[in-house]
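Encoded as structure tokens, the structure appears first; notes follow it.
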Protein chains: 2
Amino acid sequence: MASLRKTDRRTEDEAHIEAPDLEEFIGYNLKRAYVIVQADFRRALGEDGFAPRVFSALSLVVQYPNVTQSGLARMLGIERSGLVAIVDELEGRGLIKRTNVPGDRRVQALVPTAKGKTSYVEARAVVRAHEDRLLSNLSTEEKATLLTLLGKIRSHED
Amino acid sequence: MASLRKTDRRTEDEAHIEAPDLEEFIGYNLKRAYVIVQADFRRALGEDGFAPRVFSALSLVVQYPNVTQSGLARMLGIERSGLVAIVDELEGRGLIKRTNVPGDRRVQALVPTAKGKTSYVEARAVVRAHEDRLLSNLSTEEKATLLTLLGKIRSHED
DNA sequence: TATTGTTATACTCTATAACTATA
DNA sequence: TATAGTTATAGAGTATAACAATA
């Protein structure tokens, strides 16, 4: 990806533009930053590693065992129809199980397997290493500030 | 979108989890924040309004007239094949024109039309209003800090 | 040989709508 | 009537590979 700051032969006559309008927009900067982080995430997790959303789903199943699919979809902010493929993948890999809930036969509670728990802990270490490396030009305080500010945007969730 | 902090009937026994692992990850928070901002962007621009990437492309053509498609793709961080549909849309709406460049007949320089320039200025006002409204719980200083921190992540571009 | 714009194609992510089995 | 999980389907957005025209 090329920086907007680079000079293009045909735009030299526009060199007086200090910073393009786009750079002032939070949304544009969020998108560009997210593209970098998720690409590095995929690189770090490898060819057969978890996609970001699969990692997120596994994380929540491990930490909220017996969560329902609808509940998980709500937590992730996606439709429950979109969760089926994710749960299929995790179950196919033997990392979680769909289990029946006594008292409500509509529900499939999701529980991590032993393998799922260890896989998650391993993957979490890889993800932490990826973020530590990629964001090494941010101080601990800056990272905390970034989380706080993103949290303010996320306060609009629901 | 439901907050992770909300209690689910089946996860009440996990209430001792202070904050899910996911919340510590910059990537996850970036994604969630971006989803909110881009959804509000689309709502603000309306049914027939610009999609974010189309707005971005128009912005750059207005500010860098005579930019080539390859140059624009580089600036936006996407493949030049992906730019064709965007330029088609903008040209179809009469907002930009593909023009021949004397001296290199491979190149299509992109220039905004008069309508394109005024449409851009109008859209930019709508986008600014959308961000001002959506991010009104962030101070001017916090917004500047956020841009700075996102810029540090974006320093990995290229 | 390399580059520009283009097409064809495929893949990921996500949403909507409708179905079924339960409640 | 409403809800949980599922399926079918479609639409963005993006990437890769190949091609013709031109450099």
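Naming: A, B, ... by sequence-line order, numbering from 1 per chain.
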*Which nucleotide, C/dT6, D/dA4, C/dG5, lies nearest any side-chain atom of B/Arg98?*
C/dT6
Can you pull every protein N or O that's under 3.5 Å from an N or O on nucleotides 20-23 of chain D?
unit_1	atom_1	unit_2	atom_2	d
D/dA23	OP1	B/Arg105	N	2.7

_Euclidean distance, A/Leu135 CG relative to A/Asn137 CG, rounded to 0.5 Å_ = 7.0 Å
*Write down the distance between CG (B/Leu83) and C1' (D/dT16), rounded to a whole number of angstrom.*
16 Å
_Whole-Å gap separating P (D/dT6) and CG (A/Leu72)_ = 12 Å
*asked:* Between P on C/dT20 and CD on A/Gln108, what's the gap in Å once rounded to a whole number?
replied: 18 Å
*Whole-Å gap separating C1' (D/dT14) and CG (B/Leu76)*: 13 Å
*For atom CG of B/Asp88 and atom C1' of C/dG5, their distance in whole Å*: 11 Å
*Could a donor-acceptor pair under 3.5 angstrom be found where the side chain of A/Ser81 meets the base of C/dT14?*
no
*Whole angstrom value for the distance that separates C1' of C/dT16 from CD1 of A/Ile78*: 14 Å
*Report the distance from atom CD1 of A/Ile86 to atom P of C/dC11, rounded to the nearest whole Å.*
18 Å
_Results of salt bridge (Lys or Arg N to Asp or Glu O under 4.0 Å) for B/Glu131 - residues two or more places apart only_ = none
*Indicate yes or no: at least one non-hydrogen side-chain atom of A/Ser56 is less than 4.5 angstrom from one of A/Phe50.*
no
*Give the nucleotide from the list C/dT14, C/dT7, D/dA4 with an atom nearest to the side chain of A/Ser70.*
D/dA4
_Rounded distance (Å) that lies between atom C1' of C/dT6 and atom CD of B/Glu79_ = 13 Å
Tabulate protein N/O versus nucleotide N/O from nucleotides 9-13 of chain D, keeping only pairs under 3.5 Å, one per line.
unit_1	atom_1	unit_2	atom_2	d
D/dG13	OP1	B/Arg42	NH1	3.3
D/dG13	OP1	B/Arg42	NH2	2.8
D/dG13	OP2	B/Arg53	NE	3.2

_Looking only at side-chain N and O atoms, does A/Arg32 offer a donor or acceptor that is under 3.5 Å from a partner on A/Tyr28?_
yes
*Taking the six-membered ring for Trp and the full ring for Phe, Tyr or His, determine whether the centres of B/Phe25 and A/Phe55 are under 6.0 Å apart.*
yes
